[in-house]
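For reference, the structure discussed in these notes is given below.
As the structure is a prediction and not an experimental result, all values here were calculated from the model. Side chains are part of it too, since the values below use all heavy atoms of this structure and drop only hydrogens, waters and symmetry mates. Each chain gets a letter, A, B and so on, in the order the sequences are listed, and its residues count up from 1.
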4 protein chains.
Amino acid sequence: MALLAEKTVSGREYKVKDMSQADFGRLEIELAEVEMPGLMACRAEFGPAQPFKGARITGSLHMTIQTAVLIETLAALGAEVRWCSCNIFSTQDHAAAAIARDSAAVFAWKGETLQEYWWCTERALDWGPGGGPDLIVDDGGDATLLIHEGVKAEEEFAKTGKVPDPESTTNLEFQMVLGLIKESMKVDPLRYHRMKERLVGVSEETTTGVKRLYQMQASGTLLFPAINVNDSVTKSKFDNLYGCRHSLPDGLMRATDVMIAGKVAVVCGYGDVGKGCAAALKVAGARVIVTEIDPICALQALMEGLPVLTLEDVVSTADIFVTTTGNKDIIMLDHMRKMKNNAIVCNIGHFDNEIDMQGLETFPGVKKITIKPQTDRWVFPDTNSGIIVLAEGRLMNLGCATGHPSFVMSCSFTNQVIAQLELWNERKSGKYEKKVYVLPKHLDEKVAALHLPKLGARLTKLSPDQAEYINVPVEGPYKPAHYRY
Amino acid sequence: MALLAEKTVSGREYKVKDMSQADFGRLEIELAEVEMPGLMACRAEFGPAQPFKGARITGSLHMTIQTAVLIETLAALGAEVRWCSCNIFSTQDHAAAAIARDSAAVFAWKGETLQEYWWCTERALDWGPGGGPDLIVDDGGDATLLIHEGVKAEEEFAKTGKVPDPESTTNLEFQMVLGLIKESMKVDPLRYHRMKERLVGVSEETTTGVKRLYQMQASGTLLFPAINVNDSVTKSKFDNLYGCRHSLPDGLMRATDVMIAGKVAVVCGYGDVGKGCAAALKVAGARVIVTEIDPICALQALMEGLPVLTLEDVVSTADIFVTTTGNKDIIMLDHMRKMKNNAIVCNIGHFDNEIDMQGLETFPGVKKITIKPQTDRWVFPDTNSGIIVLAEGRLMNLGCATGHPSFVMSCSFTNQVIAQLELWNERKSGKYEKKVYVLPKHLDEKVAALHLPKLGARLTKLSPDQAEYINVPVEGPYKPAHYRY
Amino acid sequence: MALLAEKTVSGREYKVKDMSQADFGRLEIELAEVEMPGLMACRAEFGPAQPFKGARITGSLHMTIQTAVLIETLAALGAEVRWCSCNIFSTQDHAAAAIARDSAAVFAWKGETLQEYWWCTERALDWGPGGGPDLIVDDGGDATLLIHEGVKAEEEFAKTGKVPDPESTTNLEFQMVLGLIKESMKVDPLRYHRMKERLVGVSEETTTGVKRLYQMQASGTLLFPAINVNDSVTKSKFDNLYGCRHSLPDGLMRATDVMIAGKVAVVCGYGDVGKGCAAALKVAGARVIVTEIDPICALQALMEGLPVLTLEDVVSTADIFVTTTGNKDIIMLDHMRKMKNNAIVCNIGHFDNEIDMQGLETFPGVKKITIKPQTDRWVFPDTNSGIIVLAEGRLMNLGCATGHPSFVMSCSFTNQVIAQLELWNERKSGKYEKKVYVLPKHLDEKVAALHLPKLGARLTKLSPDQAEYINVPVEGPYKPAHYRY
Amino acid sequence: MALLAEKTVSGREYKVKDMSQADFGRLEIELAEVEMPGLMACRAEFGPAQPFKGARITGSLHMTIQTAVLIETLAALGAEVRWCSCNIFSTQDHAAAAIARDSAAVFAWKGETLQEYWWCTERALDWGPGGGPDLIVDDGGDATLLIHEGVKAEEEFAKTGKVPDPESTTNLEFQMVLGLIKESMKVDPLRYHRMKERLVGVSEETTTGVKRLYQMQASGTLLFPAINVNDSVTKSKFDNLYGCRHSLPDGLMRATDVMIAGKVAVVCGYGDVGKGCAAALKVAGARVIVTEIDPICALQALMEGLPVLTLEDVVSTADIFVTTTGNKDIIMLDHMRKMKNNAIVCNIGHFDNEIDMQGLETFPGVKKITIKPQTDRWVFPDTNSGIIVLAEGRLMNLGCATGHPSFVMSCSFTNQVIAQLELWNERKSGKYEKKVYVLPKHLDEKVAALHLPKLGARLTKLSPDQAEYINVPVEGPYKPAHYRY
């Protein structure tokens with residue numbers, strides 16, 4: 001691999017696009033700190049005790065300004081940190097530069113190739129001869145995946161002597177994962193085993209990554225404890241919903257400047273992400289149509305005045321298409337060929353398999369005209385009609401804009417910090433087995449509470465009498481576990 | 001007790017306000033049937049097999065037009081039914097008349113006294129010498145409460161010979177419960193025991209009633225299985241939210257004709273009910289302020305642009321106050337004395353203890369001017385300033401308007417029918433212990449699915465490949481248990 | 001005519017439904033006064049000088065609680081008042097009773113026949129031998145029409161000796177107008193001429209009535225000065241828009257209890273009234289479709305996310321239809337026959353010719369089932385499918401609910417009071433010719449200003465320097481005449 | 001002046017930032033054409049006849065992608081065009097490059113100094129020895145101002161021999177205008193007179209520019225006919241309202257990435273621009289507070305649920321401040337010093353005097369930290385607290401984002417094309433005097449109609465009978481002149 005990490009004067013490794021953007025990154029980090037009260041409160045509350053003293057944390061999570069504040073919070077609590085992005089387009093290069101210069105080992109830049117992407121991931125996991133990280137902060141689960149695949153391959157090799165064969169799969173990205181492990185095994189056939197040994201646990205923050213973890217738990221293959229941060233209320237009902245409500249129109253505007261008012265927009269999926277997207281488009285004046293598989297979510301859409309139809313019903317009349325499903329094969333080549341000229345197609349779900357980019361790219365005679373980075377017009381040869389695809393079908397809010405805003409990410413990331421603390425503090429207690437856990441409700445409520453003063457809110461206090469009447473402690477938690485908010 | 005039930009020509013007991021309204025009730029029931037596709041689908045699917053053949057069902061649930069469709073659905077499935085309302089103001093007299101005449105034994109009228117209320121409840125539970133009902137449909141838990149208190153008193157009597165003493169409590173309503181049981185014990189000291197024996201289970205549909213059930217489960221005093229219908233997604237996220245969004249402004253307008261636009265409205269509590277109320281007031285042009293104890297719900301309010309303050313902060317400047325908490329002692333006399341002239345005060349939570357009506361009624365010199373039924377102006381003698389209290393502090397949407405509309409009640413009530421079927425079908429299997437259960441997700445999804453065609457919705461179907469990818473069956477359920485919608 | 005006016009003890013004439021409702025009416029009038037700050041401010045500002053001393057005012061305007069406050073404001077300024085309603089269903093009987101008992105001669109009740117309606121109008125105009133009123137407060141223009149037709153007929157009679165022939169028209173209502181004039185001419189062939197002589201002017205407040213006035217001005221047939229109150233900004237952009245946003249859902253809910261969320265609603269016309277209706281339905285969760293003839297209004301609807309289609313496009317799939325056009329023949333029999341079972345059809349425009357009631361009533365075999373007053377189900381014999389028509393096609397917000405709320409009517413009626421004052425004060429100055437005028441902008445701004453304190457608003461004051469920069473007086477008016485708000 | 005225009009190979013003058021961006025500009029122009037149906041329809045309808053053959057058009061209007069489509073539409077109708085921007089930050093350099101290369105003489109780049117700005121304006125007006133342009137397309141009125149000041153100075157010189165003295169004013173920008181004229185007079189003391197002679201007229205599209213024109217009309221100093229395009233309904237009620245609803249959040253997000261949800265935002269002014277801004281902020285989840293001088297606009301804000309307060313009331317608690325007034329001295333230094341740390345301050349009104357930038361810049365010890373171009377943090381020395389000012393107090397939507405989206409600008413610019421056509425076609429008929437005119441309503445309706453098909457709308461057609469009933473032609477115009485939409 002021709003890629004080489006560089007080193008700061010202090011000797012810390014990094015690979016970023018342009019170190020000269022560090023000052024600009026620092027300015028934006030300082031602005032973000034004011035908007036991230038939860039993280040700043042963690043620094044104030046936990047910083048003095050240095051609870052992460054001695055802990056090595058690897059993060060695989062969009063390397064943005066907001067993430068920079070997270071990284072520096074982990075560092076402020078005593079951790080050593082290595083970081084990569086979890087999406088080839090989501091890095092903000094000035095954020096990466098500032099962190100690389102000032103705080104942690106960063107391997108990330110906007111516009112990585114897939115090969116570069118996995119190289120970065122592997123770099124972030126490589127803490128040298130003594131093994132891997134103690135803790136992982138994951139988003140989408142790629143760092144976790146690499147370790148699990150590495151361990152699997154090493155086991156196979158120990159048993160049968162066989163090394164992984166990239167040719168054994170047609171999935172391009174998975175070929176790279178296998179190639180990476182294969183290379184690694186040449187040097188050290190027990191590297192991922194040692195990583196696994198050392199690992200105290202992972203905290204994961206996406207619907208998609210969590211799904212993977214539960215599948216591994218179900219099949220008994222999960223190698224270390226995991227905390228499902230995604231299902232903290234202060235994550236899934238905030239970042240997914242309010243974050244996307246903010247960042248979907250932001251991405252659309254920056255990429256295309258299209259007027260949303262008056263347009264017909266299709267939102268595929270009406271989970272938390274879809275709800276945020278549909279709300280944003282509706283209030284901007286679009287006529288929003290929802291596609292759903294789940295009758296409950298479908299009925300919710302209807303109650304909000306949104307028709308529920310199939311993609312086939314509307315594919316030739318809509319102007320904007322957004323996928324939010326977390327599933328695959330949502331908008332296929334055949335759909336795209338039926339769309340109106342200059343229909344906009346984008347994905348805000350974690351993975352890039354919601355839109356059939358491969359079908360599009362390999363359609364005979366198709367022409368790709370790049371308007372600007374992450375905004376491409378694809379023209380079909382037979383009709384001379386084109387569609388506009390954002391961020392090559394990947395996360396459009398991070399590819400075309402700057403992702404979710406600081407305030408809501410402060411909620412998500414405060415959950416991450418608390419989850420990491422929990423894993424680390426309980427590393428020897430046996431509290432966490434090789435299973436997936438959610439944070440207890442009082443911590444969830446704490447995350448929310450840390451964000452109220454910034455918005456000038458004043459909570460009402462329960463009297464002991466009232467608390468007894470509704471059978472909760474005066475100081476909370478206030479709701480039963482199954483409460484849906 | 002001077003109250004006497006009457007009998008129809010066919011010999012069925014009833015006590016309603018005015019039997020001559022039966023035709024009017026029938027016309028509105030027929031309209032409602034078109035709006036309640038879930039219940040009608042149950043009739044079509046289950047009716048022919050008569051699954052409730054032989055089952056006696058007692059309901060304690062607002063005797064409205066929508067409930068009439070529920071009752072006739074239970075009857076269409078083979079049940080015998082006796083019914084009372086669960087609120088002194090919530091009966092629609094024409095609905096009660098139509099049902100009493102045509103379908104079931106009804107004991108309910110709008111404007112019962114508390115004494116009459118409990119007489120009705122006891123009548124609905126009285127199936128004659130052979131014991132009580134097989135099943136209870138409950139709303140708020142008063143029917144369940146009466147049986148539990150009855151059994152407790154009978155046990156005490158068996159042990160100590162002591163009969164219940166109404167004077168032992170200062171709570172007026174509880175005095176009546178004890179009085180009723182005392183009377184009953186004179187006739188038959190094992191009546192409630194026999195009821196308990198026969199009872200297969202209860203399905204309960206309010207936040208408040210469910211809270212009681214979980215408390216009894218926790219203390220080991222629950223006497224029969226219970227299905228928590230309230231926490232079906234298609235109940236709590238629909239009826240509570242969208243129902244109140246509809247019926248709060250409806251109640252306000254019918255009671256006061258007040259222009260909501262331009263006013264300052266305070267919503268106490270931001271759970272599902274509070275969310276629905278706040279949304280309705282906001283879109284009608286009010287400036288809405290939320291009070292909350294729970295930091296998570298508070299942060300949700302803020303994300304929707306609603307300030308979170310304490311009641312004290314705003315009590316003297318707001319125009320409309322709505323309690324939605326399910327807790328007690330929310331708006332107290334002292335608050336009311338500080339309000340603007342003609343401030344409107346109302347409650348949409350299940351019980352009437354959110355507003356300090358007793359404090360108001362007993363304030364020296366206070367004058368109550370009834371504008372029209374359920375709309376009273378209370379004038380304080382010192383300031384000559386008055387406030388307008390709706391439905392005497394009880395459920396204002398049922399007291400001042402007609403409650404939730406048919407369509408959303410069809411969701412709730414289809415859950416009730418399915419829960420009753422489940423309890424009845426499994427009565428001998430031992431599947432349900434003396435615990436509180438929620439309906440399985442596939443039934444929840446079914447309830448939603450039954451309501452889609454009426455709204456012209458078309459669901460997308462998962463391919464087997466997609467289903468496998470997200471690890472769910474093609475036909476659902478589509479979400480993990482902890483999913484919040 | 002068998003109708004006879006009654007007299008109060010003080011000798012004032014009246015004809016109302018039920019004088020015993022006067023106390024109830026008084027209570028609601030007192031509530032409304034608190035919500036009508038503009039009218040109350042007029043009483044405070046002008047009352048002491050008694051500017052209407054000696055003036056006779058006839059009003060033809062929905063006899064509601066709000067109108068009661070208007071009438072008593074006119075009286076408080078010194079006027080003698082006679083009143084009738086301008087719609088057969090819009091009278092609130094308790095309001096009529098209170099005014100008849102306490103303040104003015106009222107001829108109005110809910111549910112007049114057309115014949116009774118015109119009798120009432122004629123009564124309100126009859127001030128005895130000395131001629132008619134000095135001033136008219138008109139809504140829809142029927143009082144103005146009657147005088148104009150009377151004068152025309154008397155002229156014809158003077159010229160040709162011919163009396164009006166009711167058989168000369170097929171329009172039922174116009175037959176009654178002619179019949180009334182014919183009767184009157186038998187007694188006094190110059191009665192309407194004397195009315196005309198005395199009349200100082202009329203102030204008219206509806207789009208529809210104003211249209212008639214401009215037509216008469218254009219044809220040179222207007223008999224006295226008119227002030228177009230409808231086009232005060234504080235009327236047309238408030239009452240029409242915010243009033244209907246409030247009263248349309250109010251009427252729908254009271255009449256049908258239908259859940260608006262999830263439904264498809266068609267709003268015919270997107271003027272101020274249509275904008276208010278569409279906004280209300282949209283925020284209640286309906287999918288709203290607009291029909292329009294005007295491309296500008298159509299484009300406004302699209303910018304708000306509302307599709308613009310023709311009635312034919314949607315007639316068989318929508319659930320709710322509302323006409324707001326001010327035009328005729330909008331929803332015809334053929335449309336209604338294509339609608340879904342139990343589709344709701346209603347009109348919120350001034351006149352009852354938007355919906356083809358005559359076509360419906362005369363369709364062979366059609367069955368009218370009255371659910372409750374103003375809510376009828378019409379069943380077609382061939383399909384056995386029915387539609388629900390509100391208020392017999394007349395103003396549904398007044399027929400099925402209580403019309404616009406007090407606060408917004410205070411804006412409209414304060415314009416009326418100011419217009420009446422202007423006409424009366426300038427009656428000898430020659431300022432007003434036989435033309436249609438709008439109120440000057442500073443009076444429009446004054447009306448708004450009188451309503452701000454009630455809502456806690458604080459205006460910013462222009463500095464002299466700023467006022468000069470934007471070239472307006474410091475104290476206003478602040479906008480050029482063509483400004484659209 | 002050291003600035004020098006360059007020339008294309010074809011000999012056309014220009015001065016832009018970077019000609020290599022022309023291809024990128026062309027791609028975006030092609031996208032915009034699909035979104036600007038009104039302009040493209042003008043090309044189709046009028047292009048073949050080449051009505052502007054021989055006409056020289058000078059434009060002073062933000063040199064954006066949308067303006068590029070306008071320029072090429074004018075050219076497609078036969079005109080020769082010279083162009084400058086009307087704001088130092090609003091040029092999109094790729095748009096300028098594409099037009100300079102392909103279609104017209106352009107003098108514009110993003111980030112001009114004030115001196116450069118006026119040089120560009122003068123260049124755009126300079127058509128060589130034969131005098132100036134035949135027509136002006138103006139935005140804010142700077143091109144019109146320069147000619148009027150030039151003529152005034154030349155007259156003064158002719159009378160008194162005095163040349164303009166830049167030192168006679170303290171207004172920096174006006175010093176430059178006078179300096180420019182002074183230089184010009186050295187070369188040719190009748191240059192602006194000749195321009196005036198040739199000029200057929202100007203069409204102006206901003207509230208601000210129109211205000212200037214009416215002032216000149218009132219004082220009798222207007223030198224040529226003007227068409228007020230701003231007050232076409234399809235301009236002021238679309239571009240101002242829906243354009244700002246789109247571009248305000250766009251600018252905020254691009255400049256600061258701030259989460260709008262949860263914040264307190266103050267909108268100064270509730271005209272069309274303010275209404276659009278307030279709506280956008282509200283639906284994004286902000287708590288919006290309005291400041292107003294006009295009681296009518298204030299009451300409108302209240303009806304939408306927005307409190308109306310003074311800036312002083314909220315200056316220390318709000319997070320975001322937007323000026324939209326068209327007036328001066330709205331947010332002064334003293335206000336800014338009281339704001340919270342990192343409060344965001346921006347202006348979306350045409351001129352840059354709404355925010356006291358001069359007061360800020362000259363405050364002793366203040367520090368300006370540029371986060372990125374057009375986003376500056378100003379730190380006060382005493383508190384170390386800072387505020388964030390966007391686009392140096394100028395139009396933030398053009399300075400920080402890309403201005404209004406194509407579709408709504410197509411409405412505005414189609415008005416411009418039609419106004420220019422009208423002026424040119426009637427140049428010899430005497431139809432237009434030295435006054436300010438608005439376009440007739442049927443042209444306004446035509447502009448709207450041209451934009452409906454793109455959005456899939458279907459208009460209803462009046463029957464002759466209906467048209468007669470409401471007294472309008474079947475084909476429109478449909479509303480009286482005073483109608484407010």
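Put simply, OG1 on A:T370 and CG on D:L27 are 9.0 Å apart, with the number rounded to the nearest 0.5 Å. Residue A:R245 holds its CZ atom at 9.5 Å from CD1 of D:I260, rounded to the nearest 0.5 Å. With rounding to the nearest 0.5 Å, the separation of CD1 in A:I371 from CD in D:E30 is 8.0 Å. Going from atom CE of A:M259 over to atom OH of D:Y242 covers 8.5 Å, rounded to the nearest 0.5 Å. Taken to the nearest 0.5 Å, the NZ atom of D:K340 stands 5.5 Å off from the NZ atom of A:K454.
Of the residues listed (A:T402, A:T64, A:L31), the one engaging D:D257 in a side-chain contact (heavy atoms from CB on, under 4.5 Å) is A:T402, and it is the only one.
Contact annotation for A:N342: only side-chain heavy atoms (C-beta onward) come within less than 4.5 Å of a heavy atom of chain D. Interface residue A:V34: only side-chain heavy atoms are found under 4.5 Å from chain D. For a residue to count as touching a neighbouring chain, one of its non-hydrogen atoms must lie under 4.5 Å from one of that chain's; by this rule A:I65 does not touch chain D. For a residue to count as touching a neighbouring chain, one of its non-hydrogen atoms must lie under 4.5 Å from one of that chain's; by this rule A:T317 does not touch chain D. For chain A, the nearby part of D:R287 is the side chain; its heavy atoms alone come within less than 4.5 Å.
Looking at every heavy atom in both residues, D:P405 comes nearest to A:V258 through CB-C, 4.1 Å.
Counted within 6.0 Å of NZ on D:K372, heavy atoms from surrounding residues, nucleotides or ligands total more than 12; the atom is thus considered enclosed.
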